[in-house]
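One structure below.
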2 protein chains.
Amino acid sequence: MAQRVGIREVARQAGVSVTTVSHALNDRGQVSAATREHVKRIAVELGYAPNRIASALRSQRSRLIGFVSDEIAATPFSGRVITGAQDAASELGLMLMVVDSARDSGLEERQIDTLLAQQVDGVVYARMFHQLADVPATLGAHPTMLVDAVDRAGVQPSIVPDEVQIGRIATEHLIEAGHRRIAHLTLEQQGEARDGREAGFLATMRECGLSGPVIRVPGIGDAVAGRRAATELLRRHPEITAVLCFNDQVAMGVYQVAQAAGLRIPQQLSVVGVDDFWPISEGLDPVLTTVALPHYAMGRLAITRLEALISGQPDASPREARLACELVRRASVASPSTP
Amino acid sequence: MAQRVGIREVARQAGVSVTTVSHALNDRGQVSAATREHVKRIAVELGYAPNRIASALRSQRSRLIGFVSDEIAATPFSGRVITGAQDAASELGLMLMVVDSARDSGLEERQIDTLLAQQVDGVVYARMFHQLADVPATLGAHPTMLVDAVDRAGVQPSIVPDEVQIGRIATEHLIEAGHRRIAHLTLEQQGEARDGREAGFLATMRECGLSGPVIRVPGIGDAVAGRRAATELLRRHPEITAVLCFNDQVAMGVYQVAQAAGLRIPQQLSVVGVDDFWPISEGLDPVLTTVALPHYAMGRLAITRLEALISGQPDASPREARLACELVRRASVASPSTP
DNA sequence: ATGAAAGCGCTAACAA
DNA sequence: TTGTTAGCGCTTTCAT
């Protein structure tokens with residue numbers, strides 16, 4: 001079922017030509033204020049909504065943006081990126097076409113081709129975990145914006161969280177609370193997120209004249225890793241009073257081991273996570289202090305910058321934009337008990 | 001940047017008319033096999049991809065489906081619905097336009113209007129939590145399919161999980177493991193999910209000649225509710241050996257209270273969740289036995305049925321389809337220890 | 001300030 | 001079997 005009323009009908013009812021209707025409605029051309037208002041009123045009365053497909057075909061501007069993701073769903077973290085992108089898009093009169101490749105790069109190429117066949121004006125290329133990415137060649141000269149990924153070739157603009165700053169603010173928070181013996185629980189597997197957070201931790205500790213162990217465990221950043229790291233920590237560094245975890249899931253593992261060992265959080269062990277993945281950060285008891293990733297902001301900025309790129313405006317952000325993250329103070333950090 | 005090569009170019013290179021190219025590529029009309037192959041080869045060589053916007057305008061069929069959600073992101077549960085829809089769509093040569101209203105029904109109406117202006121062929125109207133829904137009037141006569149919601153007016157077709165069956169299989173599993181004193185931990189706030197799961201629990205217990213308490217707590221189904229329910233359970237029904245939780249987050253709360261009380265799972269208390277929300281179900285220790293919701297299947301079926309509806313084929317499913325759910329056996333259920 | 005007319009790239013009657 | 005032609009609903013020169 002297509003649109004009922006078209007531009008011709010509006011023109012007829014308003015007693016003007018379709019040209020005038022088009023100009024009036026798009027605030028273009030030379031139309032007297034009176035005519036403009038009149039046309040707009042008629043259009044509203046008739047419930048006229050322009051057929052976007054027709055206008056896209058004619059104007060060679062679909063106002064469609066492709067959103068290419070490797071995992072929208074499998075991981076719950078990404079949703080806010082899409083929400084941010086969607087909000088910005090709707091403010092700019094754009095529509096998102098979201099596509100999820102489930103990590104299959106062959107499928108991803110086909111999806112991008114489909115998107116291009118739909119005449120999208122540009123593409124957001126989003127990854128779930130901060131990484132160096134190879135942008136598919138088929139994206140070629142189309143306006144593109146990477147999110148949570150940096151173009152290995154150094155060509156396409158990108159938006160990522162400031163991982164080093166994450167490590168810094170978390171560590172600073174622990175130090176300000178009075179901790180001196182702090183450990184960082186993280187992954188063996190290197191990556192932008194791991195490397196940055198660890199660098200932020202180490203730099204901040206050093207600048208405060210402190211040092212603390214970094215426990216690296218194999219596997220992905222889940223509760224299992226957290227349990228493994230916490231177990232090792234308790235065995236090798238029982239003097240530690242606070243831990244900065246790679247993410248909230250690792251923190252969940254720490255809670256489990258701490259509780260089993262009779263260690264009370266935060267009285268005997270302060271814990272900070274990263275992600276602010278609420279089913280966990282707000283589900284843990286006590287609720288978890290953590291650094292929130294700027295998912296929503298990244299989504300918004302991606303669309304804003306992409307639109308600028310498409311319409312040839314200058315880009316206000318640096319090509320590789322790093323977004324600052326915020327500490328969410330909850331109940332898992334306290335001053336260390338005096339020994 | 002639009003498509004480089006158009007149908008005219010293919011026609012020229014193949015030495016035929018655009019009509020023949022169109023027919024050959026779409027396997028329509030009367031074209032000799034030889035010509036068809038020849039045209040297809042040329043098209044591939046030139047990397048031709050039809051401009052979907054032009055073909056949509058002409059054929060009055062955009063092959064676009066609107067996906068209207070109240071929360072893609074805020075809750076992580078929904079992603080698999082979209083993935084399922086996307087997979088089915090791609091198999092049928094359709095594209096999804098996903099939109100998230102963040103529970104703002106005014107915004108939702110505007111989003112639907114935008115979708116209709118984009119000439120979507122149909123709309124999937126998905127809710128995050130199984131509910132009775134009022135379908136926006138603006139959807140009117142457009143092909144529509146509800147997901148995780150049933151049309152209050154009884155008009156539009158829908159797809160929901162079989163909540164009663166969820167309660168049944170979970171309870172049966174506990175009974176088969178040897179439990180007799182089983183409680184159901186759920187919400188005060190009524191709703192399709194709560195009511196159905198509870199009904200399934202009660203019916204199954206009754207049919208086995210058993211009865212068990214239902215603990216209802218205020219608030220939403222999160223870990224806080226789980227802690228509250230578990231605390232109450234321990235106080236009022238210490239004889240219970242197994243609990244069926246409203247969802248995985250409630251189960252997380254039960255784990256916390258059990259561990260604090262020195263109750264071992266599953267040796268002293270068996271726990272079953274609902275959702276199979278993996279950061280929790282696989283993050284808990286021991287890993288949680290739970291009933292997986294058919295998110296992916298619902299997404300797929302929504303698109304399949306919608307396409308049938310759009311193209312006027314008969315619908316194989318009942319108007320209000322209920323999808324069966326599966327028990328995921330992990331480590332939180334054991335036989336009750338003999339007293 | 002307004003309107004006539006020419007397409008955007010494709011599909012589908014209708015002709016040949 | 002293949003080609004000619006007329007649009008789909010809108011935007012955009014270019015006249016008036």
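In what follows, every chain begins at residue 1, and chains take the letters A, B, ... in the order their sequences are listed.
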For [N], does either OP1 or OP2 sit under 4.0 Å from a side-chain N or O belonging to [X]?
{"X": "B/Tyr48", "N": "C/dG9", "answer": "no"}
{"X": "A/Arg28", "N": "D/dT11", "answer": "no"}
{"X": "A/Thr19", "N": "C/dG3", "answer": "no"}
{"X": "A/Gln119", "N": "C/dC8", "answer": "no"}
{"X": "A/Arg58", "N": "D/dT12", "answer": "no"}
{"X": "B/Asn26", "N": "C/dT11", "answer": "yes"}
{"X": "B/Thr20", "N": "D/dG3", "answer": "yes"}

Quick one: does [X] reach the base of [N] with a side-chain donor-acceptor pair under 3.5 Å?
{"X": "B/Ser22", "N": "C/dA12", "result": "no"}
{"X": "A/Thr35", "N": "C/dA1", "result": "no"}
{"X": "A/Ser32", "N": "C/dT2", "result": "no"}

Taking the side chain of [X] as heavy atoms from C-beta outward, which of [options] is closest to it?
{"X": "B/Val16", "options": "D/dG3, C/dG9, C/dT2", "result": "D/dG3"}
{"X": "B/Leu57", "options": "D/dG9, C/dG3, C/dC10", "result": "D/dG9"}
{"X": "B/Gln60", "options": "D/dC8, D/dT4, C/dC10", "result": "D/dC8"}

Please report the distance, rounded to the nearest Å, between [atom1] in [X] and [atom2] in [N].
{"X": "B/Arg8", "N": "D/dT5", "atom1": "CZ", "atom2": "C1'", "answer": "12 Å"}
{"X": "A/Arg61", "N": "D/dG9", "atom1": "CZ", "atom2": "P", "answer": "23 Å"}
{"X": "A/His23", "N": "D/dT13", "atom1": "NE2", "atom2": "P", "answer": "9 Å"}
{"X": "B/Asp27", "N": "C/dA12", "atom1": "CG", "atom2": "C1'", "answer": "16 Å"}
{"X": "A/Arg63", "N": "D/dC10", "atom1": "CZ", "atom2": "P", "answer": "16 Å"}
{"X": "B/Ile7", "N": "C/dA12", "atom1": "CD1", "atom2": "C1'", "answer": "12 Å"}
{"X": "B/Gln118", "N": "D/dG9", "atom1": "CD", "atom2": "C1'", "answer": "14 Å"}
{"X": "A/Ile53", "N": "C/dT11", "atom1": "CD1", "atom2": "P", "answer": "13 Å"}

5'-most by nearest nucleotide on DNA chain D - B/Ala54 or B/Arg36: B/Arg36
Within a 6.0 Å radius of atom [atom1] on [X], are there more than 12 heavy atoms belonging to other residues, nucleotides or ligands?
{"X": "B/Arg152", "atom1": "CZ", "value": "yes"}
{"X": "B/Arg61", "atom1": "CZ", "value": "yes"}
{"X": "A/Glu326", "atom1": "CD", "value": "no"}

Closest contact, heavy atoms only, A/Ala88 versus A/Thr304: CB-OG1, 4.4 Å
Sugar-phosphate, base or nothing in reach of A/Ser55, heavy atoms under 4.0 Å: sugar-phosphate
Sugar-phosphate, base or nothing in reach of B/Arg52, heavy atoms under 4.0 Å: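 No contact at all - B/Arg52 keeps every heavy atom at 4.0 Å or more from the nucleic acid.
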Donor on one side chain, acceptor on other, A/Thr35 and A/Ser32, under 3.5 Å: yes
Cation-pi check, A/Arg300 onto A/Tyr296 ring (under 6.0 Å, within 45° of axis):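 No; the conditions do not both hold, so A/Arg300 does not lie above the ring face of A/Tyr296.
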